[in-house]
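Nothing fancy with the numbering, it's 1 onward along the sequence.
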Amino acid sequence: MEKIFNGKKTAKLGTAKNPAVVNVQTEEKLKEVTKIFEKNGWKYTIGLKPDKREDITALERLLNPPKPMIAEKKVGRNEPCPCGSGKKYKKCCGK
């Protein structure tokens, strides 16, 4: 059985401990991507591989970081039911 979580926190993407790894196909794209990394001060590793598929997902994650999800407020058991029946939630839709 493989252990997924080892208890160690991973470093933030784009830092010296966890540089962004990107693969591009052309010199032009390499210069463009390098300019973006340099402008933002992120650490990176770029591979120029014309024969392989371009992979700039790490750069996209840095430019558009995921937003934290906000959980919806749950209805308490003794609160009025949101369906509008007038009953308590536990006696109506919370069965």
Side-chain angles (χ1 to χ4, degrees):
M1 187 164 130
E2 186 180 334
K3 189 175 182 182
I4 296 171
F5 182 69
N6 63 3
K8 295 181 181 175
K9 186 176 178 183
T10 57
K12 186 177 176 184
L13 185 63
T15 60
K17 288 187 177 183
N18 187 15
V21 179
V22 174
N23 291 314
V24 294
Q25 292 180 327
T26 62
E27 280 284 335
E28 184 180 303
K29 188 71 171 182
L30 180 102
K31 290 176 185 175
E32 179 185 334
V33 170
T34 302
K35 189 175 180 181
I36 294 169
F37 279 117
E38 295 292 331
K39 178 182 154 195
N40 291 296
W42 295 320
K43 304 296 180 198
Y44 60 93
T45 303
I46 300 178
L48 179 60
K49 299 178 181 175
D51 55 330
K52 292 199 175 182
R53 200 171 133 250
E54 192 169 275
D55 180 20
I56 58 168
T57 52
L59 175 60
E60 290 170 351
R61 278 185 45 214
L62 285 168
L63 291 171
N64 305 310
K67 307 250 186 298
M69 291 182 65
I70 299 171
E72 293 181 25
K73 187 177 181 242
K74 294 183 180 179
V75 180
R77 287 178 40 83
N78 290 315
E79 292 179 20
C81 191
C83 75
S85 67
K87 296 180 181 179
K88 288 184 180 182
Y89 181 70
K90 68 182 177 183
K91 296 280 186 173
C92 188
C93 297
K95 293 180 183 180

Asp55 vs Val22, test: side chain to side chain contact (heavy atoms under 4.5 Å, CB included). Steps then yes/no. CA-CA 6 Å; Asp55 180 20; Val22 174; over 6 Å; no
Can you tell me how far apart CG (Asp51) and CD (Gln25) are? Round to the nearest 0.5 Å. 8.5 Å
Gap between atom CD of Glu28 and atom CD of Glu32 - 0.5 Å precision: 7.0 Å
Stepwise side-chain hydrogen bond (donor to acceptor under 3.5 Å, both in side chains) test for Lys12 and Asn18: CA-CA 6 Å; Lys12 186 177 176 184; Asn18 187 15; over 6 Å; no
List the atom of Lys43, the atom of Ala16, and the distance in Å for their closest heavy-atom pair. CG-N, 3.5 Å
Verdict with supporting geometry, Ile36 and Leu63, side chain to side chain contact (heavy atoms under 4.5 Å, CB included): CA-CA 9 Å; Ile36 294 169; Leu63 291 171; 4.2 Å; yes
What distance do Thr26 atom OG1 and Glu54 atom CD have between them, rounded to the nearest 0.5 Å? 6.5 Å
Could you state the interatomic distance from CG (Asn78) to NZ (Lys91), rounded to the nearest 0.5 Å? 10.0 Å
I'd like to know whether NZ of Lys87 has more than 12 heavy-atom contacts from other residues, nucleotides or ligands below 6.0 angstrom. no
Distance (rounded to the nearest 0.5 Å) between Glu72 CD and Met69 CE: 9.0 Å
Criterion side chain to side chain contact (heavy atoms under 4.5 Å, CB included) on Leu13 and Arg61, from CA distance to verdict: CA-CA 9 Å; Leu13 185 63; Arg61 278 185 45 214; 4.0 Å; yes
Among Leu59, Ile56, Val24, find the one that has a side chain to side chain contact (heavy atoms under 4.5 Å, CB included) with Ile46. Val24
If hydrophobic residues (ILVMFWY) are linked whenever their side-chain heavy atoms come closer than 4.5 Å, directly or via other members, who joins Tyr89 in its cluster? Val75
Specify whether Phe37 and Tyr44 have parallel, tilted or perpendicular ring planes, treating 30° as the upper limit for parallel and 60° as the lower limit for perpendicular. parallel
